[in-house]
Amino acid sequence: MSKFWSKRTHELDPYTPGEQPQDRQYIKLNTNENPYPPSPKAIDAMRAAADENMRLYPDPAAASLKQAIADYYSLNTNQVFVGNSSDEVLAHTFVALLKHDKPLLYPDISYSFYPSYCSLFGINAKPIPLKDDFTIAVDDYKQGNGGIIFPNPNAPSGIALSLDEIEQILRANPDSAVVIDEAYVDFGADTATPLIKDYPNLLITQTFSKSRSLAGLRVGFAMGNQELIEGLERVKNSFNSYPLDRAAIAGATASIKDKDYFIQTRDKIIDTREKTSRALGQMGFDILPSAANFVFAKPLHHDAETLYKQLKQNGVLVRYFNAPRITDYLRITIGTDEEMAILLEKLSELL
Ligand SMILES: *Cc1c(COP(=O)(O)O)cnc(C)c1O
């Protein structure tokens with residue numbers, strides 16, 4: 001508290017990121033980072049970018065990266081927006097497209113940055129309860145609103161909607177922007193990018209942090225109809241005209257072009273997720289069906305918070321949310337096979 005703070009600052013509800021402890025080495029299964037390194041081509045490109053040209057500002061439009069993303073998804077470059085992390089892209093989206101008189105709808109259990117942006121930008125929100133099985137209640141998004149946002153697959157449930165269900169939401173809301181946060185889509189859901197040509201109200205955000213192993217680089221992007229992208233550009237150019245540095249543009253561009261490496265690491269994570277889910281099921285966990293690089297797991301015979309603390313003492317970090325409806329669950333990131341074997345071993349000692 002300080003008398004120098006603005007009223008808005010007093011009222012903020014800041015996001016709390018997962019722990020990044022520096023005290024000891026943990027098996028980190030708490031922030032959905034990728035256990036595999038980025039594409040070697042991305043690392044080479046970043047090294048090459050760290051040269052004397054760093055004295056110059058980067059390309060404010062990051063045209064090479066937009067082109068690579070447009071090529072990957074068969075879009076035009078004017079349908080692509082890039083930013084310094086998808087959190088930043090989301091922040092611009094809240095200002096550009098989701099701040100209206102009617103309330104913004106999002107699931108009650110979802111990415112906890114959405115309420116933080118609402119408090120930062122003074123947006124009126126109406127959280128929509130997930131169904132009891134933690135799926136998104138599609139019909140509840142057919143009511144008056146000033147915008148809609150949800151992750152697909154949702155976090156921390158990991159459960160995905162089908163493109164059919166997404167189309168129902170898009171069709172019912174022709175006058176609202178419908179934002180789909182596809183941070184985890186590569187791990188098992190269908191991207192809604194093919195719907196962009198039919199739905200001018202659809203905006204999709206993605207990130208290089210999860211499926212492309214570049215959480216440290218901070219690169220995210222959005223895709224949608226040109227008018228929506230222009231709205232984002234207006235906000236971005238009123239905030240920071242050079243959000244992506246030279247190394248980030250080079251690394252992200254090389255990463256998205258290296259499709260073979262991407263598929264290889266993504267497939268390993270999906271395989272490990274399926275094996276881990278089966279093993280956790282046998283150990284007495286209820287596992288929600290995950291299309292992401294994490295599982296949402298409920299220990300049926302133990303207290304989730306206690307288990308989180310015991311795992312931490314044993315060098316394994318998972319995420320526990322002390323939030324309504326999900327206090328009985330742990331969110332466990334999928335690491336390598338070796339890391340998951342250690343998790344399972346520690347659990348079998350503790351349970
Ligand atoms: C990780 C995550 C993001 C943020 O990604 P960054 O690009 O690292 O900021 C956005 N949305 C969801 C649902 C996420 O889990």
Side-chain angles (χ1 to χ4, degrees), residues 14-20 28-35 38 42 62 65 69 80-94 97-98 104 106-118 120 127 130 134 136 148-161 166 178-189 191-192 203-223 232 236 239-240 243-245 248-249 251-252 255-256 266 269 273 288 290-296 318-319 321 323 326 329 331-334:
Y15 175 77
T16 316
E19 306 161 85
Q20 299 285 3
K28 263 195 97 263
L29 307 176
N30 68 327
T31 50
N32 298 340
E33 289 145 325
N34 197 305
L65 177 56
I69 294 168
V80 178
F81 176 83
V82 296
N84 181 11
S85 80
S86 76
D87 285 339
E88 184 188 87
V89 172
L90 286 167
H92 293 341
T93 301
F94 274 64
L97 308 175
L98 302 179
L104 170 65
Y106 52 70
D108 65 337
I109 299 167
S110 192
Y111 189 37
S112 40
F113 230 125
Y114 304 155
S116 300
Y117 289 137
C118 287
L120 176 59
L130 292 181
F134 289 121
I136 285 180
I148 292 174
I149 184 167
F150 56 87
N152 193 46
N154 194 13
S157 70
I159 300 175
L161 283 186
I166 286 172
V178 176
V179 180
I180 306 187
D181 177 349
E182 293 192 338
Y184 301 104
V185 76
D186 291 325
F187 299 107
T191 175
L203 189 88
I204 296 162
T205 62
Q206 288 196 9
T207 175
F208 283 79
S209 298
K210 314 298 178 19
S211 59
R212 294 184 185 274
S213 307
L214 286 169
L217 197 62
R218 314 306 298 128
V219 183
F221 56 104
M223 299 171 287
L232 294 179
K236 171 237 168 193
F239 179 78
N240 176 3
L244 289 185
D245 61 67
I249 294 171
S255 165
I256 201 150
R266 179 203 60 190
I269 289 170
R273 177 187 71 212
L288 299 188
S290 173
N293 68 336
F294 56 83
V295 291
F296 208 41
V318 300
R319 188 94 190 249
F321 298 95
I326 54 173
Y329 285 82
R331 192 193 68 188
I332 305 172
T333 303
I334 302 301

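Because the structure is a prediction, the values reported are computed rather than measured. For the numbers below, each heavy atom of this structure counts, side chains included, while hydrogens, waters and symmetry mates do not. Indexing begins at 1, ligand by ligand and atom by atom, following the structure's order.
Within the 6.0 Å centre-distance limit, the rings of Y15 and Y111 are counted as a close aromatic pair.
Heavy-atom proximity to T207, at under 4.0 Å, picks out these atoms of ligand 1: 5 (O), 6 (P), 7 (O), 8 (O). Atoms of ligand 1 found under 4.0 Å from any heavy atom of S85, numbered from 1 in the order shown, are 7 (O), 9 (O). Taking every heavy atom of S209 and a limit of under 4.0 angstrom, the matching atoms of ligand 1 come to 6 (P), 7 (O), 8 (O). Near R218, the atoms of ligand 1 lying under 4.0 angstrom from a non-hydrogen atom of the residue are 6 (P), 8 (O), 9 (O).
Under 3.5 Å, the side chains of N293 and T333 contain no donor-acceptor pair of N or O atoms. Between the side chains of K210 and T207, no donor N or O sits under 3.5 Å from an acceptor N or O. Neither side chain, Y184 nor N154, offers a donor N or O lying under 3.5 Å from an acceptor on the other.
Contacts of N152 classified as side chain to side chain donor-acceptor pair (under 3.5 Å), with partners at least two apart in sequence or in another chain: none. For P35, the side-chain contact (heavy atoms from CB on, under 4.5 Å) partners at least two apart in sequence or on another chain are I269, T336, E339.
Taking a 4.0 Å cut-off on heavy atoms, G220 fails to register as neighbouring ligand 1. In this structure, Y184 has a heavy atom closer than 4.0 Å to ligand 1. Residue-ligand proximity: K210 is placed with a non-hydrogen atom under 4.0 Å from ligand 1.
In terms of polar-atom proximity, D87 is counted as a contact of ligand 1, with an N or O under 3.5 Å from an N or O of the ligand.
Of the candidates D181, N293, L217, D181 brings a heavy atom nearest to atom 11 (N) of ligand 1.
Cation-pi geometry between R331 and F296 is not met at under 6.0 angstrom from the ring centre and within 45 degrees of the axis.
The single protein non-hydrogen atom nearest to atom 5 (O) of ligand 1 is S86 OG, 3.0 Å, given as residue, atom name and distance.
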